[in-house]
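Along the sequence shown, residues are numbered consecutively beginning with 1. Atoms within each ligand, like the ligands themselves, are counted from 1 in listed order.
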Amino acid sequence: MSIATNNIAFNVDEIRKDFPILNREVNGYPLVYFDNAATSQTPKQVMDAIVDYYSNYNANIHRGVHSLSQEATDKYEGARRKIQQHFNAEKAHEIIFTSGTTHGINLVASGFASILQKGDEILVSALEHHSNIVPWQMLCEKTGAVLKVIPMNEQGELIYESFEELVSEKTKMVFLNHVSNALGTINPIKKIIDKAHEKGAAVLIDGAQAAPHIKADVQALDVDFYVVSAHKMCGPTGVGVLYGKEEWLNKLPPYQGGGEMIATVSFEKTTYADLPHKFEAGTPNICGGIAFGAAIEYMNSIGFEAIARYEDELLDYATLKLQEIEGMKLYGTSREKTAVISFNIEGLHPYDIGTLVDKMGIAVRTGHHCAQPIMDFYKIPGTVRASFSFYNTKEEIDRFIEAVKKAKSMLS
Ligand SMILES: *Cc1c(COP(=O)(O)O)cnc(C)c1O
């Protein structure tokens with residue numbers, strides 16, 4: 001299958017050759033991997049970068065005078081610059097390597113503990129992942145700040161008018177995701193960032209679920225913090241970045257103490273290193289950072305516009321086909337969404353559907369998707385979630401639909 005997108009032939013058969021795992025069988029069937037919102041698969045270009053690192057220049061960075069250390073440092077800092085360019089950050093030192101989205105959020109939340117005062121307000125959206133709820137609750141406990149929730153509607157969209165009513169001069173920060181991992185909703189972050197700034201509040205956007213589909217421009221968005229994980233965008237687990245505006249990163253205290261993050265140390269007084277090292281205590285995930293750079297390069301070689309267009313096609317196709325199944329209930333029907341479909345079938349438990357389709361080689365997610373408040377809103381224990389990537393195909397969706405139908409007839 002091949003569709004012309006922006007004069008670039010989007011050849012999914014060629015792309016699939018980059019992903020060795022797509023050739024394997026599961027329970028006697030060729031694998032259909034529809035759990036991309038939990039983690040993406042890894043192309044051989046990224047695996048090559050990992051093997052190259054360990055085969056040729058594995059060394060600790062930023063300290064050695066020897067050649068290997070210099071080479072590793074150059075590659076690691078090169079990856080930082082690739083990531084900087086990708087997100088259009090003004091300065092490379094505004095890109096802080098982390099272990100992932102969760103780490104990035106905790107770093108910022110912990111830093112704000114020294115800024116917030118009793119009675120200050122934090123707004124968080126109803127569509128959040130637990131990793132974007134719990135750190136703020138902990139922060140409120142520590143500081144006496146108050147957490148308020150921007151509500152959502154039946155379609156799984158944030159209610160902007162409610163946000164406008166909630167945000168005030170008391171609001172010190174607003175936290176929300178760019179794309180909901182449970183429903184696929186794309187949130188109107190630019191509008192929210194501008195409104196929050198009018199009131200003097202800082203905004204952190206959790207970009208973990210948007211990053212594999214949408215190229216965010218942090219300067220155009222004028223966002224204060226943007227966090228992502230590499231493993232959702234063809235990179236390895238255990239690495240991600242926090243983008244922060246320089247002035248904010250200078251204002252926040254270091255998150256962890258240790259090597260790498262200091263300028264001078266004595267028992268009387270320690271001075272901190274400049275950005276980004278102030279926030280990068282200890283030996284980082286050197287190989288992971290380099291592989292993250294390779295993943296970003298790989299995705300850009302395919303092109304984010306082409307990716308989005310192709311994935312939208314998959315989403316529309318699957319939505320149409322699923323709706324033909326009797327008793328089907330889709331959750332998250334926002335007009336603006338990425339290729340995530342959450343659903344239940346009347347009278348059936350999502351876990352049973354997930355287990356049966358797995359027997360037919362199809363990987364989907366079932367449960368609350370780390371977003372229990374969303375499930376509470378719909379008064380359900382969970383959903384079946386199929387999430388697509390640019391290496392998936394319509395043929396795979398056909399197999400999935402057949403499997404769901406079969407599961408349904410076995411369970412009813
Ligand atoms: C996956 C995800 C996270 C958590 O990412 P980690 O890599 O587990 O830290 C947070 N928010 C959203 C929207 C996600 O999809």
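The aromatic rings of Trp136 and Phe175 sit parallel, their planes meeting at an angle under 30°, below the 60° perpendicular limit.
Interface of Thr102 with ligand 1, defined as ligand atoms under 4.0 Å from a residue heavy atom, comprises 4 (C), 6 (P), 8 (O), 9 (O). Shown in contact with Ser229 at under 4.0 Å from a heavy atom are these atoms of ligand 1, numbered in order with element: 5 (O), 6 (P), 7 (O), 9 (O).
Ring centers of Tyr378 and Tyr331: under 6.0 Å apart, within the cut-off. Ring centroids of Tyr76 and Phe97 are separated by less than 6.0 Å, placing the two rings close together.
At a heavy-atom cutoff of 4.0 Å, ligand 1 is contacted by both the backbone and the side chain of Thr101.
Both tests pass for Lys191 against the ring of Tyr160: distance under 6.0 Å to the centre and angle within 45° of the axis. Taking the ring axis of Phe163 as reference, the NZ or CZ atom of Lys195 does not stay both within 45° of it and closer than 6.0 Å to the ring centre.
Of the candidates His231, Gln209, Lys232, Lys232 brings a heavy atom nearest to atom 2 (C) of ligand 1.
When only interatomic distances are considered, the shortest N/O to N/O separation between Asp206 and ligand 1 falls below 3.5 Å.
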